[in-house]
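These notes are about the structure you will find just below.
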2 protein chains.
Amino acid sequence: MAGHGARGRSGGRPTLEEVAARAGVGRGTVSRVINGSPRVSDATRAAVEAAVAELGYVPNTAARALAANRTDAIALVVPEPETRFFAEPYFSDMLKGVGAELSDTEMQLLLIFAGSDRERQRLAQYLAAHRVDGVLLVSVHADDPLPDMLSQLEIPAVISGPRSAGETLTSVDSDNYGGARSAVEHLLARGRRRIAHITGRMDVYGARRRVDGYRDALLDEGLGVDEFLIEQGDFTEEGGRRAMSRLLEQAPDVDAVFAASDVTAAGARQVLREAGRRIPDDVALVGYDDSAIARHMDPPLTSVRQPIEEMGRAMIDLLLTDIADRRPAASRGLERRHAVLPTELVVRTSS
Amino acid sequence: MAGHGARGRSGGRPTLEEVAARAGVGRGTVSRVINGSPRVSDATRAAVEAAVAELGYVPNTAARALAANRTDAIALVVPEPETRFFAEPYFSDMLKGVGAELSDTEMQLLLIFAGSDRERQRLAQYLAAHRVDGVLLVSVHADDPLPDMLSQLEIPAVISGPRSAGETLTSVDSDNYGGARSAVEHLLARGRRRIAHITGRMDVYGARRRVDGYRDALLDEGLGVDEFLIEQGDFTEEGGRRAMSRLLEQAPDVDAVFAASDVTAAGARQVLREAGRRIPDDVALVGYDDSAIARHMDPPLTSVRQPIEEMGRAMIDLLLTDIADRRPAASRGLERRHAVLPTELVVRTSS
DNA sequence: ATCACCGATGGGAGCGCTCCCACGGTACCT
DNA sequence: AGGTACCGTGGGAGCGCTCCCATCGGTGAT
C-alpha cells in the first residue's frame with residue numbers, strides 16, 4: 001500500500017535529504033512541498049512529488065515533532081474507569097463524532113483513561129511532557145483539578161459540558177435550557193398543568209440549566225412555579241425513586257413529571273406504578289438523554305435527545321482552531337468560545 | 001502534581017543540559033540516571049535526581065524518539081468498526097488486561113480502529129511511518145494482509161488467535177483444543193454417548209482446534225467419531241439453527257451438543273426446543289466463550305471460558321520482549337513464540 | 001536602462017536527546 | 001614499580017526535520 005518498493009540505498013527509511021537529492025532540489029523545498037506550502041512552483045512540486053513516490057518517503061514524526069515543537073496528536077481524556085467507558089453509549093457516540101471529524105486530518109487521537117489515582121498520576125506526567133497538542137475533556141466533575149492543570153501548562157483544551165456559565169476553557173454543550181423548555185412545552189401542549197421536575201445533581205451546570213428551562217417554560221405560559229413541584233435528584237435511578245416519593249406526598253395532584261435523565265425517569269416510573277398511577281393516563285413522563293433505557297421502557301419514554309456525535313465533531317473543530325492559534329483559551333481573554341448544540345425532543349407514548 | 005514550580009530560566013521546559021548544569025555533571029550522566037543505567041555512582045545519581053526534582057524536568061519525548069529511534073508506544077489494532085468494539089465484551093476484557101500489564105511501563109497504548117478501507121489506508125501510512133514500536137493484533141481474519149505488512153516493515157507484533165499452526169508472528173491463544181476436550185469429557189462423564197459438535201467457521205484456526213479436541217476426547221474414550229454428528233456452523237446464531245436442524249435429521253438419537261460458541265448454542269437451543277427436546281433432559285448443551293448470553297440463557301448454559309484478560313497481559317509480555325530484542329518474530333527463525341492459556345469449563349444447568 | 005521589489009529556492013542553525021568513544025582514576029595483578 | 005582492567009564520567013556527533021535568512025533572477029515602475 002505505502003512504500004513503492006525502492007528504498008534509500010542504506011536499507012533504512014529515506015530522509016528528506018535523499019528525496020531532495022533525487023528531485024534535484026534543496027531540503028527546504030521538499031519540506032515546503034510536504035507541508036503544502038504555496039510558495040513552490042508547479043514544476044518543482046511535481047518533481048518532488050515524483051521523488052517522494054519513487055522512494056516511498058514517509059516523514060519521520062519524531063524529527064518533525066522535535067523541530068516544530070508539536071506532536072500532531074490530541075488526547076481524549078476520560079476521567080472514568082474503563083468499565084464505564086464501555087458501558088455508556090455516550091462515550092461511543094462521542095468517539096464516533098471525534099473520529100469522523102479527525103479522519104481527514106493528520107492528527108492522531110489518543111484515548112486516555114484517568115479513573116484511578118494511579119492513572120491520573122500518569123496523565124499528569126503525560127501532559128507535563130507535552131505529549132499532545134491539545135486535550136478533549138469529557139464528563140469532568142466540578143472540582144476536578146484537570147482543567148486548571150491544562151491552563152497552567154498552556155495546553156489547548158475543549159471541555160464538553162462547561163462547569164459553569166463562566167467556563168474558562170473553550171466548551172461544547174448541548175442546549176440544556178432549550179431541551180428542558182421543549183420537554184415542558186410539550187407537556188403543556190398536551191394539557192398538563194401540574195408539571196413536576198426531578199432535577200439532576202445541582203453541582204452540574206447542565207442540570208441547573210435544565211431547571212432554568214423548566215421554570216421559564218412555565219412562566220412564559222403564565223403559570224407560576226410551584227416549588228413543591230421541584231425535587232432534587234442526582235441522575236440516578238434511586239434518586240428518581242426518592243424524589244418521586246416526596247413529590248407524590250407534597251403534590252399529589254401532579255399530572256406530569258419531567259426528569260433530568262432517563263435513568264431518573266425509570267426510578268420515578270417505578271414509584272408511580274407502585275402508587276397506582278398510570279402512565280401516561282394519570283401522569284405523563286419525560287426523560288432526558290434518549291438512551292436505550294428510554295426506548296425499552298414500558299411504556300416507551302419521551303425523552304430529550306442530545307446530539308452527542310455532533311458535539312464530538314464540534315469539540316474537534318474548536319480544538320483544532322485553538323491549536324492552530326497556538327494559545328489556550330484561558331489566555332484568549334474575553335473571546336472565549338462556547339458552542340451550544342440544539343437538542344431534539346423524541347416523543348413516545350409516555351407523554 | 002508534576003513540576004515543582006521552578007522552571008528553566010527561559011520560561012520553557014528545562015532540558016537535559018540544564019539539569020546537568022544544575023547538578024554539576026555532564027549531559028551523559030543525567031541521561032544515564034534518567035534511563036536507569038547502573039553505571040552511575042550513588043552520590044551522582046542523588047545529585048541528579050535532586051536537580052531533576054527542583055527543575056521539574058520531564059524528558060522531551062520527541063527528542064528521545066528521534067535520537068533513540070523508538071517511540072515508546074505500541075498500538076492495539078482492531079480491524080473492526082468501532083461499533084463492534086464497544087458491543088463485544090471481548091475487547092473490553094482484552095483492553096483491561098493490556099492496560100494492567102502496561103501500567104508499570106513507560107509504554108503508551110494507542111487504540112487504532114481499522115474497520116473501513118479508509119481507516120486501513122491510514123493505518124498502513126501510520127505503520128510505514130514507524131510511529132509505534134510494536135503492534136497488538138486482535139480478531140484478524142485469515143486473509144488479512146496486515147500481518148504480512150508488519151513483517152515486511154519489521155515491526156514486532158503479537159497476534160491473538162494464530163491464523164494457523166505455522167503462525168509466523170508471535171502469538172497468544174487460549175487452549176481451544178483443551179477447551180473442547182474438557183467440554184466433551186464433561187458430557188461423557190454425564191453419561192452422554194451421542195455427542196454432536198457444531199463447529200465454527202473452519203477458516204478460523206481456533207475452530208479447527210476445537211474440532212480436534214472434540215474428536216480426540218471421543219477417541220480416547222474408546223468411542224468412534226460419527227461424522228454425521230459433526231455439522232459445520234459459522235459462530236452465528238443462524239448457523240447454529242441450521243446445523244442443529246441437519247443434526248436432528250441425520251442423527252435423531254443425539255443426546256448432547258457441543259457448540260463452538262454460545263451464540264451458536266443459542267441457535268441450536270431454539271431448534272431443539274421447537275423439536276420438543278428438553279434441555280438438559282433429552283439433550284445436553286455446551287457452548288463456548290462464557291459470554292453474557294450463556295449466563296442469561298434458559299436454562300443457563302454450560303460454557304468454556306477463555307481467559308481474555310490474561311491473554312491481553314500475555315500479549316504485552318511477549319510484545320515487550322520482542323521489542324527489547326529489537327527484531328520481529330519473523331526474523332527469529334525457529335524460536336517463534338506462542339503462548340497458549342488454559343480455558344475453564346463453567347458448568348451450568350444446560351448439561 | 002535602472003532600481004526597488006517579490007517569488008522561488010538553498011542550506012545553516014538548531015530542536016533535545018542518545019550513543020559511543022575517550023579520558024582520568026582506582027584497584028588489582030605480576 | 002609497571003601493567004592491565006575496569007568504573008564513572010564528559011562531551012562530540014549525529015538523529016531528520018522545520019525555521020528562517022540570504023540569494024538569485026525576473027518584473028514592473030520610474
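Letters A, B, ... mirror the listed sequences (proteins, then strands); counts begin at 1.
Screening Arg120(B), Met149(B), Arg163(B) for a side chain to side chain contact (heavy atoms under 4.5 Å, CB included) involving Asp144(B) leaves a single residue, Arg120(B).
Residue Ser41(A) places at least one side-chain N or O under 4.0 Å from the OP1 or OP2 atom of dT9(C). Using a 4.0 Å cut-off, no side-chain N or O of Ser31(B) falls inside it from OP1 or OP2 of dC17(C).
If you measure from atom CG of Asn60(A) to atom C1' of dC17(C), you get 13 Å, rounded to the nearest angstrom. If you take CG of Leu16(A) and P of dT9(C), they are 15 Å apart, rounded to a whole angstrom. Between the C1' atom of dG10(C) and the CZ atom of Arg27(A) lies a distance of 9 Å, rounded to the nearest Å. Across the protein-nucleic acid pair, Tyr57(A) atom OH and dG16(D) atom C1' stand 7 Å apart, rounded to whole Å. We find that CD1 of Ile34(A) is positioned 11 Å from C1' of dC17(D), with the value rounded to whole Å. Put simply, CG on Asn69(B) is 21 Å from P on dA13(D), counting in whole angstrom units. To the nearest angstrom, C1' of dG11(C) lies 9 Å from CD of Glu17(A). Taking atom CG on Asp72(B) and atom P on dT18(C), their separation rounds to 10 Å, with Å as the unit.
Within the 4.5 Å cutoff, the side chain of Asp317(B) has heavy atoms near those of the Glu101(B) side chain. Between His130(A) and Leu153(A) the shortest side-chain heavy-atom distance falls below 4.5 Å. Side-chain contact between Thr61(B) and Arg64(B) is absent, with no heavy atoms from C-beta onward closer than 4.5 Å. The side-chain heavy atoms of Leu169(B) and Ser151(B), taken from C-beta on, include a pair separated by under 4.5 Å.
On a pure distance criterion of 3.5 Å, no polar donor-acceptor pair joins the side chain of Arg13(B) and the base of dG16(C). At a cut-off of 3.5 angstrom, counting only N and O atoms as typed in the model, there is no donor on one side facing an acceptor on the other between the side-chain of Arg39(B) and the base of dT9(D).
A residue-by-residue look at Thr29(A) and Thr61(B) shows that Thr29(A) has its nearest nucleotide of DNA chain C further toward the 5' end. Looking at which nucleotide of DNA chain C each of Ala67(B) and Thr44(A) is closest to, the 5′-most match is held by Thr44(A). Each of Ala63(B) and Asn35(A) was matched to the nucleotide of DNA chain D holding its nearest heavy atom; the match closer to the 5' end belongs to Ala63(B).
The residue Arg64(A) sits close only to the backbone: its heavy atoms come under 4.0 Å of sugar-phosphate atoms, none of a base.
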Which atoms of nucleotides 20-26 of chain C (N or O only) lie under 3.5 Å from a protein N or O atom, and what are those distances?
none

Between the protein and nucleotides 24-28 of chain D, which nitrogen or oxygen pairs are less than 3.5 angstrom apart?
none

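Applying the 6.0 Å contact sphere to CG of Asp42(B) captures no more than 12 heavy atoms from other residues, nucleotides or ligands.
The shortest heavy-atom contact between Leu95(A) and Phe85(A) is CD2-CZ, 4.2 Å. Counting all heavy atoms, side chain and backbone alike, Asp322(B) lies closest to Arg337(B) at OD1-NH2, 2.8 Å.
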**Request:** I would like to know whether Leu127(B) and Val132(B) meet side chain to side chain contact (heavy atoms under 4.5 Å, CB included); could you show each step before the answer?
**Result:** CA-CA 7 Å; Leu127(B) 296 175; Val132(B) 288; 4.1 Å; yes
**Message:** For Tyr126(B) and Gln108(A): C-alpha separation, side-chain torsions, deciding distance, then whether side-chain hydrogen bond (donor to acceptor under 3.5 Å, both in side chains) applies.
**Reply:** CA-CA 10 Å; Tyr126(B) 199 81; Gln108(A) 142 94 181; 3.3 Å; yes
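Rounding to the nearest 0.5 Å gives a distance of 6.0 Å between CZ of Arg84(B) and OG of Ser139(B). Taken from NZ in Lys96(A) to CZ in Phe86(B), the straight-line distance is 9.5 Å, to the nearest 0.5 Å.
Taking the screw axis at each terminus of the helix from dA1(C)-dT30(D) to dT30(C)-dA1(D) from five consecutive base pairs, the angle between the two is 40° to within rounding of 10 degrees.
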